[in-house]
Amino acid sequence: MDEHQARLRASDLEDSGDVGINPTLNPTMGEIIATRFSRRDLLRGSLAVAAISATVGNRALAANEQTARKVQAATFDFKEIEAGVDQTHHVAEGYDAQVLLRWGDPLFPDAPEFDPMNQTAESQARQFGYNTDFIGYTPIDGSSEHGLLVANHEYTNEELMFPGVGVQDAKDVNFSKMTKDLVDIELAAHGGAVVEIRRVDGTWQVIKNSKYNRRITAKTPMEITGPAAGHDRMKTSADPSGRKVLGMLNNCAGGVTPWGTWLSCEENFNGYFWGKLDENHHEARNYKRYGIGTPAYAWGKFHDRFDLAKEPNEANRFGWVVEIDPFDPTFVPKKRTALGRTKHEGAAGITNSDGRYVIYLGDDERFDYVYKFVTAGKVDPQNRAANFGLLDEGTLYVAKYNPDGTGPWLPLVHGQGPLTEANGFKSQADVLIETRRAADLVGATKMDRPEDIEANPTTNRVYVMLTNNTRRKEDQVDAANPRANNAFGHIVEMMPEGGNHAAVNFTWEVLVKCGDPSVAEVGATFSSETTKSGWFGMPDNCAIDSQGRLWISTDGNNAKATGRADGLWALETEGELRGTSKHFFRVPVGGELCGPFFTPNDESLFLAVQHPGEVDEEGASFENPATRWPDFKDDMPTRPSVLVITKQGGGKIA
Ligand code: FEO
Ligand code: CA
Ligand code: CA
């Protein structure tokens, strides 16, 4: 999801997309609770420890002192780049940024070369797709120089992809120029890719004749597994079993499991469905909560399954986390319903000390929730195949952030609390199909667009990226979402009780409130060591390197919003420098930065640039993008691409 899409849908398409449609009165406290620590306290380790101890107890205090001592010396040693906006990308001095894969690059020996004036669905299905968000690297034989890149192709920008088309998802245009051929190219440009890559003499190469290479599209056959599989609400005329579905939609971020599978998350799936259900229809309440029925794509014009009037259940088959084995190109992707149905941002996980796998999940919408899933079984490191059913059984929880810095994980289990037939939940399948409504009823905390969430294995702390929420009013401010009109977002740090990710309690604090710290009204809390290039707004994706340090990529910075392009920043989380941010990379004008993902040895860093050249104010189009990055050729459109960063002369990125 990018700011352009959010704006479009907010202004033109009532209750579609990321427009904040949580109808409940779940806690907003009704008063402005001042930040629990002053900025100065937050910045200074010992004072911060004292402040924390007053609210979160001795255990957190001890953990904080310990980590503060341990990592006092950990800092990023690269030379920061200058923030700004121009036609190309910039990486810190001493690093190479290689364009590894562009939209349209052929992935198979028989795949056609990219020909933007003669696009077809068949060609696109054999080429790298559009707008990569998540990238993961799965090593072959443990190597950091030979492995499989897995990439989500989140969504398409018709105005930048196709000549003579312009923006189509606006009321006054109403998809008038979208033909079936163009729609079918869009279906083929969605989904994901598996690409074998190898580093030869320091340079990464794509292996085109790999037996692993694969394109997954919005038409790829998939299986529905877990508690909602086979339920009546999952059945359609094409699939009376309720267990088979074609394709995945709007796959945003994701994760890579310890058993080497790729988790790909369906985010704004609502935008693909046409038509409105009658308000008495049994799915009307469900679909309204997800913003379904106000399309951002013309697919329902040509494909019956995307038309609610013809297939009222099809939309229940999207909004899931999909597990894919990249090492088996014949693997049928599995939609793991036990993880719930939301606008899933990501699915990064951690193996808990007791062997269970715990996945953290953000639902990216204004006023939606933070979730986690704890498997019933344990990861078996000796037997890869034994892990393939792990994500079908376990417990889904949603987070409640108490104002005193504590919080419970509230289980979403049929029969518990309000999740009963009296409220329309006849089984766990109903709870999962309507995950958002279940979370509403148990009293989860409404957050400012939860995006990536990552656990740091070296400290067990968990970082939650909250992009922004300009719709939060003064009387809706709470301790975990402490700013009204939150234009720049913030990051919440969670500490699982006893370092146990399966625990039902946690403590938390705001790590940093984003934005320009030199503008008092913004209320940003970066450390005073942060330079004028070092601060950022709108945290979106993140990664933790093998040294336990946090890297953050952003979505929504631009000349107008912050005077800087989106990019990658490294943020100190421990010791005296906690809250200090440094600028490492920035994207070309109009772009948004996704990934990031490190190889296990930290020597290569994969980044994805979405929709370069998209600048609303100037009406960017195929013919007139704000940049022609990365090819800079007049006969080439701008192309979303994956980059790989390495250090000149070798070694860890930082
Ligand atoms: Fe696809 Fe929430 O960004
Ligand atoms: Ca994004
Ligand atoms: Ca995102």
Side-chain angles (χ1 to χ4, degrees), residues 1-10 16-21 129-136 151-157 189-192 248-255 263-272 290-291 296-297 318-322 342-348 360-371 436 447-454 463-470 486 488-491 514 536-543 551-557 566-569 587 591-597 606-611 614 640 642:
M1 172 68 139
D2 77 313
E3 285 296 308
H4 163 80
Q5 299 244 320
R7 271 199 307 281
L8 253 182
R9 291 170 196 181
S16 166
D18 175 40
V19 296
I21 46 177
Y130 207 78
N131 271 348
T132 295
D133 191 303
F134 179 75
I135 324 167
N152 288 354
H153 298 312
E154 186 181 17
Y155 68 95
T156 49
N157 288 76
H190 277 68
M248 56 186 196
L249 296 177
N250 211 274
N251 292 71
C252 188
L263 301 182
S264 183
C265 297
E266 294 182 310
E267 194 191 32
N268 295 298
F269 64 94
N270 57 306
Y272 299 85
Y290 291 93
Y297 291 93
F318 295 87
W320 305 102
V321 175
V322 187
T342 71
K343 293 184 183 176
H344 282 290
E345 174 72 21
Y360 289 96
L361 303 150
D363 182 359
D364 180 9
E365 184 124 22
R366 293 166 175 88
F367 302 110
D368 260 291
Y369 306 129
V370 169
Y371 297 83
R436 282 184 165 181
M447 308 298 286
D448 288 346
R449 290 187 61 191
E451 300 243 30
D452 267 7
I453 307 173
E454 292 253 359
Y463 295 95
V464 184
M465 305 300 118
L466 296 153
T467 291
N468 58 21
N469 182 358
T470 51
N486 181 9
F488 304 105
H490 58 287
I491 299 173
C514 304
F536 57 85
M538 304 86 158
D540 185 341
N541 299 111
C542 66
W551 300 72
I552 293 144
S553 69
T554 63
D555 170 14
N557 293 267
D566 279 321
L568 188 71
W569 281 262
V587 302
E592 161 187 353
L593 190 65
C594 299
F597 204 94
F606 299 98
L607 301 173
V609 177
Q610 288 193 322
H611 50 78
E614 178 202 63
V642 170

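First listed ligand is number 1; within each ligand, the first listed atom is number 1.
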Starting from atom 1 (Fe) of ligand 1, look over the N/O/S atoms of Glu267 and name the nearest one.
OE1

Hey, which N, O or S atom on Glu154 ends up closest to atom 1 (Fe) of ligand 1?
OE2

Checking Thr470, Asp448, Thr467 against Asn486 for side chain to side chain donor-acceptor pair (under 3.5 Å), the one that qualifies is Asp448

Shortest non-hydrogen pair, Ile491 vs Pro539, comes out as CG1-CG, 4.1 Å

Basic-acidic side-chain contact under 4.0 Å: Glu267, Lys343:
no

Side-chain heavy atoms of Val587 within contact of Glu592, under 4.5 Å:
no

For a distance under 3.0 Å, tell me if Asp555 has an N/O/S atom near the Ca ion (ligand 3).
no

Out of the N/O/S atoms in Glu345, what is the name of the one closest to the Ca ion (ligand 3)?
OE2

Of the N, O or S atoms in Asp364, the one nearest atom 2 (Fe) of ligand 1
OD2

Using 3.0 Å as the threshold, say whether any N, O or S atom from Asp364 sits that close to the Ca ion (ligand 3).
no

Which atom name would you report as the N, O or S atom of Glu451 nearest atom 2 (Fe) of ligand 1?
OE1

Residue Asp540, metal atom 2 (Fe) of ligand 1, N/O/S under 2.8 Å
no

Identity of the N, O or S atom of Asp540 lying closest to the Ca ion (ligand 3)
OD1

Of the N, O or S atoms in Glu345, the one nearest atom 2 (Fe) of ligand 1
OE1

Does the side chain of Ser264 come within less than 4.5 Å of Asn251's, by heavy atoms?
yes

If you define the side chain from C-beta out and look only at heavy atoms, does anything of Thr132 sit under 4.5 Å from Phe134?
no

Is any N, O or S atom of Cys252 under 2.8 Å away from atom 1 (Fe) of ligand 1?
yes

Residue Glu451 atom name (nearest to the Ca ion (ligand 3); N/O/S)
OE1

Do Trp320 and Met248 make a side-chain contact, defined as non-hydrogen atoms from C-beta onward lying under 4.5 Å apart?
no

Counting C-beta onward and ignoring hydrogens, is there a side-chain heavy-atom pair between Arg449 and Met465 closer than 4.5 Å?
no

Taking both backbone and side chain into account, is any N, O or S atom of Asp555 nearer than 2.8 Å to atom 2 (Fe) of ligand 1?
no

Measuring from Met447:CE to Asp364:CG, what's the distance to the nearest 0.5 Å?
12.5 Å

